[in-house]
Amino acid sequence: VQLVESGGGSVQAGESLRLSCAASGIVISFVAMGWYRQAPGKQRELVASITAGASTNYVDFVKGRFTISRDNARNTVCLQMNSLKTEDTAVYYCNTIPPRTHWGQGTLVTVSS
């Protein structure tokens, strides 16, 4: 299984980014997938998830700002992040739920004020 994240970058507070996770070795429409993030000095945490049935869930601090989606044809999971805040600065990863042992390299999101 390989998960490759992309789309991160440096933005100003209030701007948007769209992250993508290309999966191989796994059919994402058959499993629950999530976007996780790890901020400097903090534990990795799950911020958004999508089930095999396409139900989505978010942690409170991203609700209304982040949207997780899935492109089954491309076997890709995306995270649309709007109204970014400085506290959203982190390395973002995708993985299954529960997560597999091996993680991708992640994609860095830096939000400045």
Side-chain angles (χ1 to χ4, degrees):
V1 176
Q2 188 175 19
L3 302 166
V4 180
E5 302 92 346
S6 62
S10 296
V11 296
Q12 297 281 327
E15 295 184 339
S16 301
L17 281 173
R18 184 175 180 84
L19 308 184
S20 293
C21 171
S24 58
I26 187 172
V27 179
I28 60 166
S29 60
F30 291 171
V31 299
M33 294 292 298
W35 278 97
Y36 303 75
R37 73 184 186 189
Q38 187 167 21
K42 295 188 176 181
Q43 298 272 13
R44 189 175 292 163
E45 59 186 351
L46 177 67
V47 298
S49 62
I50 184 166
T51 67
S55 295
T56 58
N57 196 29
Y58 305 89
V59 294
D60 285 346
F61 48 82
V62 305
K63 278 183 181 177
R65 300 189 298 122
F66 290 12
T67 302
I68 189 170
S69 61
R70 192 174 68 199
D71 184 335
N72 293 338
R74 297 185 179 186
N75 212 36
T76 299
V77 181
C78 294
L79 186 69
Q80 177 67 41
M81 305 187 297
N82 298 328
S83 303
L84 283 162
K85 302 178 180 181
T86 56
E87 51 264 42
D88 294 320
T89 293
V91 179
Y92 285 73
Y93 305 85
C94 69
N95 208 328
T96 56
I97 298 173
R100 294 175 176 265
T101 302
H102 178 71
W103 293 80
Q105 83 287 352
T107 187
L108 176 63
V109 172
T110 303
V111 185
S112 57
S113 58

Check your understanding: Hey, which of R37, K85, M81 is the one that makes side-chain contact (heavy atoms from CB on, under 4.5 Å) with V62?
Key -> R37

Practice item. Taking atom CD of Q43 as the centre, report whether more than 12 heavy atoms of other residues, nucleotides or ligands fall under 6.0 Å from it. Key: no

Practice item. Carefully, step by step, assess R44 and Y36 under the rule side-chain hydrogen bond (donor to acceptor under 3.5 Å, both in side chains). Key: CA-CA 7 Å; R44 189 175 292 163; Y36 303 75; over 6 Å; no

Exercise for review: Mind running side-chain contact (heavy atoms from CB on, under 4.5 Å) on H102 and N95 for me, showing each step along the way?
Suggested key: CA-CA 9 Å; H102 178 71; N95 208 328; over 6 Å; no

Check your understanding: In Å, rounded to the nearest 0.5 Å, how long is the span from CD1 of I28 to CG of D71?
Key -> 7.5 Å

Exercise for review: Verify side-chain contact (heavy atoms from CB on, under 4.5 Å) between E5 and Y92, making sure each step is shown before the conclusion.
Suggested key: CA-CA 8 Å; E5 302 92 346; Y92 285 73; over 6 Å; no

Point to revise | Flag if over 12 foreign heavy atoms under 6.0 Å of CZ, R18 | key: yes

Practice item. Would you indicate whether C94 and C21 have their SG atoms under 2.5 Å apart? Key: yes

Practice item. Measure the spacing between CG of L19 and SG of C78 and express it to the nearest 0.5 Å. Key: 8.5 Å

Practice item. Examine V4 and V27 and state if one hydrophobic cluster contains both, with Ile, Leu, Val, Met, Phe, Trp and Tyr joined whenever side-chain heavy atoms are less than 4.5 Å apart. Key: no

**Study point:** Any side-chain heavy-atom pair of F61 and E45 under 4.5 Å
**Key:** yes

Practice item. Given side-chain contact (heavy atoms from CB on, under 4.5 Å), test T76 with R70 step by step and report yes or no. Key: CA-CA 6 Å; T76 299; R70 192 174 68 199; over 6 Å; no

Check your understanding: What's the verdict on side-chain contact (heavy atoms from CB on, under 4.5 Å) for T67 and Y58, showing C-alpha distance, side-chain angles and the deciding distance?
Key -> CA-CA 8 Å; T67 302; Y58 305 89; 3.8 Å; yes

Exercise for review: Report whether I50 and V47 are members of the same hydrophobic cluster (ILVMFWY, side-chain heavy atoms less than 4.5 Å apart, transitive linking).
Suggested key: yes

Exercise for review: Show your reasoning for whether salt bridge (Lys or Arg N to Asp or Glu O under 4.0 Å) applies to K63 and D60.
Suggested key: CA-CA 5 Å; K63 278 183 181 177; D60 285 346; 3.3 Å; yes

What pairs of donor and acceptor atoms, side-chain ones from residues 106-113 against any protein atom, are under 3.5 angstrom apart with sequence neighbours left out?
{"from": "T107", "atom 1": "OG1", "to": "G8", "atom 2": "N", "distance (Å)": "2.9"}
{"from": "S112", "atom 1": "OG", "to": "V11", "atom 2": "O", "distance (Å)": "3.4"}

Review point. Is V31 linked to Y93 within one hydrophobic cluster, defined over Ile, Leu, Val, Met, Phe, Trp and Tyr using a side-chain heavy-atom separation of less than 4.5 Å?
Key: no

Practice item. Could you verify whether a donor N or O on one side chain and an acceptor N or O on the other, from S16 and N82, lie under 3.5 Å apart? Key: yes

Check your understanding: Can you hop from L46 to V91 via hydrophobic side chains spaced under 4.5 Å?
Key -> yes

Review point. When rounded to the nearest 0.5 angstrom, what distance separates CD1 in I68 from OG in S55?
Key: 11.5 Å

Practice item. Please check if L79 and L84 belong to a single hydrophobic cluster, counting links between Ile, Leu, Val, Met, Phe, Trp and Tyr side chain heavy atoms closer than 4.5 Å. Key: yes

